[in-house]
S.K.: 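Mind having a look at this structure? Questions to follow.
Not measured: the values here are computed from a predicted model. Only this structure's heavy atoms are used, side chains among them; waters, hydrogens and symmetry mates stay out. Every chain is numbered from 1, with letters handed out A, B, ... down the list of sequences.
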Amino acid sequence: MPELPEVETVRRGLKRLVKGKVIEKVKVTYAPMVKTGVDTFCQDLIGQEIEHVERRGKYLLLYLTDFVLISHLRMEGKYNFFPEQVPTNKHFHVLFTFTDGSTLVYQDVRKFGTMELLGKSDVEVYFISRKIGPEPSEEDFGLEEFVKKLAKSKKPIKSHLLDQSLVAGLGNIYVDEVLFRAQVHPAQASQQLSAEQVADLRQATIEVLRLGIEKGGSTIRTYKNALGMDGTMQDYLQVYGKTGQACPRCQTEIVKIQLGGRGTHFCPQCQVKHG
DNA sequence: TAACACACCTGTTGGC
DNA sequence: TGCCAACAGGTGTGTT
């Protein structure tokens with residue numbers, strides 16, 4: 001599921017459902033998920049109130065009374081909220097029970113997701129050390145810096161855009177959409193892009209992710225009743241998952257290739273490789 | 001430093 | 001139908 005628009009949708013859902021709640025009990029059934037140590041995690045969270053729910057790139061940040069809980073959903077992580085009884089499910093790995101009897105449950109089939117509990121002053125260093133780039137907004141995502149970084153790299157542009165240090169939030173679905181919108185071939189070397197193409201890529205990134213947020217993210221391989229899984233962005237995708245279908249711009253068949261190990265969809269007519 | 005392979009896990013899909 | 005390989009929306013680590 002989760003690229004930036006999906007994580008933002010989850011953030012909004014969490015804010016609505018658990019902001020102001022106080023944690024009474026925490027149960028972790030898959031300890032390796034909690035990177036900062038499961039015992040202190042469960043202990044430290046007791047009595048903490050969820051004050052704000054924020055997001056940085058694809059990371060969720062739960063600001064608590066004394067700590068910040070950083071949650072990354074990776075490939076399949078999702079949150080469920082149960083006002084009363086919690087059903088049994090072998091993929092429920094972390095359960096936060098609140099003082100009012102409700103429960104927030106983290107579910108993750110592939111167990112790739114991570115949680116970390118940090119002090120509030122450690123958050124900035126955390127993202128710097130992970131080299132998380134600017135948010136994909138007009139204000140944060142500067143063209144000049146983007147141009148500079150691309151000029152230094154021979155990497156295929158798609159692989160480069162997936163690197164979160166360039167800009168935070170793109171994943172395999174939205175990156176294909178961004179390249180289609182900017183009419184850039186996914187395998188084009190970063191440093192061979194024209195100034196116009198680079199500017200178009202920046203603009204497309206901002207617009208595609210904004211649209212994704214507006215549509216509540218995309219729901220592919222849906223699990224109902226999970227927070228943030230009610231999006232409609234899948235109805236607006238132009239190339240991702242459209243192999244063999246007509247390009248919305250020129251009617252040429254969309255093709256799928258492997259690039260950097262990832263399924264990559266593009267229009268061979270609109271997105272031509274140069275150099 | 002950069003670019004790539006691989007590991008982490010489980011479920012689903014498509015080919016034979 | 002059964003089996004099995006390939007694939008699935010991400011990122012951290014290790015190796016060239």
Side-chain angles (χ1 to χ4, degrees), chain A residues 1-10 29-36 55-60 70-79 89-94 106-116 126-133 148-179 186-192 208-209 212-213 215-223 226-244 256-265:
Chain A
M1 166 197 70
E3 300 181 37
L4 187 146
E6 291 75 26
V7 177
E8 175 62 19
T9 305
V10 172
T29 60
Y30 183 69
M33 268 202 59
V34 182
K35 299 300 176 188
T36 47
R55 179 190 57 72
R56 176 78 175 87
K58 301 176 193 170
Y59 294 80
L60 282 167
I70 300 187
S71 166
H72 197 299
L73 309 174
R74 294 288 178 96
M75 300 287 261
E76 309 233 350
K78 42 189 75 79
Y79 281 96
N89 184 310
K90 67 171 175 172
H91 301 306
F92 286 177
H93 303 308
V94 184
Y106 177 75
Q107 173 185 9
D108 193 339
V109 169
R110 289 172 76 179
K111 300 179 179 168
F112 282 174
T114 60
M115 285 190 198
E116 285 156 283
Y126 178 91
F127 288 109
I128 290 172
S129 72
R130 275 169 182 70
K131 299 187 169 61
I132 301 302
K148 250 192 243 172
K149 285 177 177 166
L150 291 179
K152 283 192 292 190
S153 171
K154 294 187 175 75
K155 255 193 196 175
I157 183 61
K158 166 161 175 175
S159 311
H160 207 165
L161 287 170
L162 287 173
D163 177 344
Q164 302 296 298
S165 67
L166 205 50
V167 57
L170 286 175
N172 202 41
I173 295 179
Y174 292 97
V175 75
D176 281 3
E177 296 299 315
V178 165
L179 290 163
Q188 185 76 48
S190 298
Q191 60 184 196
Q192 288 178 327
V208 166
L209 292 175
I213 291 172
K215 301 301 174 192
S218 38
T219 309
I220 294 176
R221 293 152 58 169
T222 311
Y223 287 76
L227 277 190
M229 294 304 286
D230 50 351
T232 59
M233 184 61 193
Q234 64 279 6
D235 301 334
Y236 298 85
L237 298 177
Q238 310 283 295
V239 287
Y240 182 85
K242 307 290 184 189
T243 314
K256 181 179 182 183
I257 61 169
Q258 286 292 121
L259 186 63
R262 314 300 301 275
T264 299
H265 313 73

S.K.: Looking at residues at least two apart in the chain, or sitting in another chain, which of them share a ring-ring contact (aromatic ring centres under 6.0 Å, His included) with A:F112?
M.R.: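 Expected list: none.
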S.K.: Got a sec, which residues hit salt bridge (charged side-chain N to carboxylate O under 4.0 Å, His left out) with A:R56, two or more places apart in sequence or on another chain?
M.R.: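 For A:R56 the salt bridge (charged side-chain N to carboxylate O under 4.0 Å, His left out) partners, ignoring immediate neighbours, are A:E135.
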S.K.: Give the dot-bracket string for DNA chain C, reading 5' to 3', where a pair is Watson-Crick or G-U wobble with both distances under 3.5 Å, ( ) marks pairs inside the strand, [ ] marks pairs crossing earlier ones, | marks a partner on another strand, and . marks unpaired.
M.R.: .|||||||.|||||||
S.K.: Can a side chain N or O of A:H72 be found less than 4.0 Å away from OP1 or OP2 on C:dT11?
M.R.: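 Yes, A:H72 has a side-chain N/O under 4.0 Å of OP1/OP2 on C:dT11.
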S.K.: Would you classify A:K131 as touching base, sugar-phosphate or nothing, given that sugar-phosphate means primed atoms plus P, OP1 and OP2, and contacts are heavy atoms under 4.0 Å?
M.R.: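 Here A:K131 touches no strand at all.
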S.K.: Using ring-ring contact (aromatic ring centres under 6.0 Å, His included) as the criterion, list what pairs up with A:H91, not counting sequence neighbours.
M.R.: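 Counting only residues at least two positions away or on another chain, A:H91 forms no ring-ring contact (aromatic ring centres under 6.0 Å, His included).
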S.K.: Going by distance alone, is a donor N or O of one side chain under 3.5 Å from an acceptor N or O of the other, for A:S71 and A:Y79?
M.R.: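 A pair is found: one side chain offers a donor N or O, the other an acceptor, under 3.5 Å apart.
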S.K.: My understanding is that only residues two or more places apart in sequence, or in another chain, count here; which of them pass side chain to side chain donor-acceptor pair (under 3.5 Å) with A:K58?
M.R.: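 Per chain and number, A:K58 pairs via side chain to side chain donor-acceptor pair (under 3.5 Å) with no residue.
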S.K.: Could you work out which one of C:dA8, C:dT11, B:dG11 sits closest to the side chain of A:V109?
M.R.: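 Of the candidates, B:dG11 comes closest.
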S.K.: Once you apply a heavy-atom cut-off of 4.0 Å, does A:K90 come out as touching a base, just sugar-phosphate, or nothing?
M.R.: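 Contact class for A:K90: sugar-phosphate only.
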S.K.: Using a cutoff of under 3.5 Å, can you pull out all pairs of nitrogen or oxygen atoms linking the protein to nucleotides 13-16 of chain C, with atom names and distances?
M.R.:
none

S.K.: So which nucleotide from C:dG10, C:dA8, C:dG12 ends up closest to the side chain of A:K256?
M.R.: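 My answer, after comparing the listed nucleotides, is C:dA8.
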S.K.: What residues, two or more places apart in sequence or in another chain, satisfy side chain to side chain donor-acceptor pair (under 3.5 Å) together with A:S165?
M.R.: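 Once residues adjacent in sequence are excluded, the partners of A:S165 under the side chain to side chain donor-acceptor pair (under 3.5 Å) criterion are A:D163.
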S.K.: Are there any protein N/O atoms within less than 3.5 Å of an N/O atom in nucleotides 1-3 of chain B, and if so, which ones and at what distance?
M.R.:
unit_1: B:dA3; atom_1: OP1; unit_2: A:K154; atom_2: N; d: 3.1
unit_1: B:dA3; atom_1: OP1; unit_2: A:K155; atom_2: N; d: 3.4

S.K.: How would you list, by chain and number, every residue that makes a side chain to side chain donor-acceptor pair (under 3.5 Å) with A:Q192, sequence neighbours excluded?
M.R.: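 A:Q192 satisfies side chain to side chain donor-acceptor pair (under 3.5 Å) with A:Q188 only.
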S.K.: Applying salt bridge (charged side-chain N to carboxylate O under 4.0 Å, His left out), name anything that partners A:R130, two or more places apart in sequence or on another chain.
M.R.: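 For A:R130 the salt bridge (charged side-chain N to carboxylate O under 4.0 Å, His left out) partners, ignoring immediate neighbours, are A:E116.
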S.K.: Who passes ring-ring contact (aromatic ring centres under 6.0 Å, His included) against A:Y236, sequence neighbours left out?
M.R.: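 Checked A:Y236 against ring-ring contact (aromatic ring centres under 6.0 Å, His included); zero matches.
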S.K.: Using the test side chain to side chain donor-acceptor pair (under 3.5 Å), find all partners of A:H160 that sit at least two apart in sequence or belong to another chain.
M.R.: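 For A:H160 the side chain to side chain donor-acceptor pair (under 3.5 Å) partners, ignoring immediate neighbours, are A:S153, A:S190.
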